[in-house]
2 protein chains.
Amino acid sequence: MASSLERTFNCPVELALEVLGGKWKVVMLARLKEGPLRYAELRRLVPRMSEKMLTQRLRELEEQGLILRVTRPGAAKQAVYTLTQRGESARPTLQALYDWGVRIADEVGARIESPTPAKRRKTA
Amino acid sequence: MASSLERTFNCPVELALEVLGGKWKVVMLARLKEGPLRYAELRRLVPRMSEKMLTQRLRELEEQGLILRVTRPGAAKQAVYTLTQRGESARPTLQALYDWGVRIADEVGARIESPTPAKRRKTA
DNA sequence: CTGTATCCTTCAAGATACTG
DNA sequence: CAGTATCTTGAAGGATACAG
């Protein structure tokens, strides 16, 4: 649980970004806040992220106490990731980032991938 | 005004972090949202940031339209940085990050430098 | 399905010296 | 005062192959 948070930060915002920052974590959290997800589901929902990154960020989020990893052994291995209480506590922050992101995406002319592909086994 | 925002992002949150992310910009914005600041004042308020970083981030924030740089020529050169309208629009987001940062700083046991040194010419 | 292990590239950031 | 200019390094991220 130590991770690298045991430093001195210039301000609380810097700390928040240390946890949420980087290229992928907030994207993953944005998905996980919709509900628990398996490894493969996350991979499908964030296709541009390499598996290495996916695993690394999952471990990091777990270490920081934002997500919980539950495995269910069996023929087909399963690993389910859910937000912890602390992860849940980030909701308003993520929402604020989301709202502001939408706003300036328009202003700046940035493109956003796809709002929420939702899950579908077969298109038909 | 182009900068590097003209990409495709996985979600709005990623875009928001592209603008606010990195090690220093939010710290600078946290100061600037208290009011206009000169170059030297910013340097003093964020002493751990090298001058190179300070200048680079200032230029970037300017390019992204979050801050405005106004120079007043004269014997002693002056450069004053203020938030633009877009910069102001980030207030709620920065506040959300701040609040959450305070919360988990406590939980995780992270140290925060100094709340707000405020400006003082002489201590007495 | 759920990951590890490597290798490689790029870039943010740090240190420091210098300028108009 | 308000910056530039270099040089260097570490970490982040990407691609891809392999494994239980």
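We name chains A, B, ... by the order of the sequence lines, and we start the count at 1 in each one. Everything quoted here is computed from the prediction, not taken from an experiment. Values below: all heavy atoms of this structure, side chains included; hydrogens, waters and symmetry mates excluded.
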For [X], report the nucleic acid contact type (base, sugar-phosphate, nothing); a contact means any heavy atom under 4.0 Å.
| X | result |
| --- | --- |
| A/Arg59 | sugar-phosphate |
| A/Arg69 | sugar-phosphate |
| A/Gln56 | nothing |
| B/Lys77 | base |

Between [X] ([atom1]) and [N] ([atom2]), how many Å, whole number?
| X | N | atom1 | atom2 | value |
| --- | --- | --- | --- | --- |
| B/Glu51 | C/dG20 | CD | P | 16 Å |
| B/Leu58 | C/dA13 | CG | C1' | 15 Å |
| B/Glu14 | D/dG13 | CD | P | 10 Å |
| B/Glu62 | D/dG3 | CD | P | 9 Å |
| B/Gln78 | C/dG20 | CD | C1' | 17 Å |
| B/Leu42 | D/dG3 | CG | P | 10 Å |
| A/Met53 | C/dG3 | CE | C1' | 14 Å |

Worksheet item: For B/Thr55 and B/Arg43, take the nucleotide of DNA chain D holding the closest heavy atom to each; which residue's nucleotide lies nearer the 5' end?
Response: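 Upstream on the strand: B/Arg43.
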Worksheet item: In terms of the nearest nucleotide of DNA chain D, which residue is placed more toward the 5' end: B/Val80 or A/Met49?
Response: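 The residue whose closest nucleotide sits nearer the 5' end is B/Val80.
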At less than 4.0 Å, is any side-chain N or O atom of [X] found next to OP1 or OP2 of [N]? Yes or no.
| X | N | answer |
| --- | --- | --- |
| A/Tyr81 | C/dG3 | yes |
| B/Arg38 | D/dA2 | yes |
| B/Arg48 | C/dA13 | no |

Discussion item. For the backbone of A/Leu61 and the side chain of A/Lys25, can you confirm whether one donor and one acceptor N or O come within less than 3.5 Å of each other?
Written reply: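 No, A/Lys25 side chain to A/Leu61 backbone: no donor-acceptor pair under 3.5 Å.
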Discussion item. I'd like to know if A/Arg48 and A/Glu113 make a salt bridge, using a cut-off of under 4.0 Å between side-chain N and carboxylate O.
Written reply: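 Salt bridge flag = yes for A/Glu113 with A/Arg48.
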Fill in: hbond_proxy B/Lys23 side chain to C/dA12 base (donor-acceptor, 3.5 Å cutoff)
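No pair found.
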Worksheet item: In terms of the nearest nucleotide of DNA chain C, which residue is placed more toward the 5' end: A/Ala79 or A/Lys52?
Response: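 Looking at the nearest nucleotide for each, A/Ala79 comes out on the 5' side.
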Worksheet item: Is it true that the NZ or CZ of B/Arg7 lies under 6.0 Å from the centre of B/Phe9's six-membered ring and within 45 degrees of the ring axis?
Response: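 Yes, a cation-pi geometry holds between B/Arg7 and B/Phe9.
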Worksheet item: Given side chains that start at C-beta, do those of A/Trp24 and A/Leu54 come closer than 4.5 Å, heavy atoms only?
Response: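 Result no, sub-4.5 Å side-chain heavy-atom pair not found.
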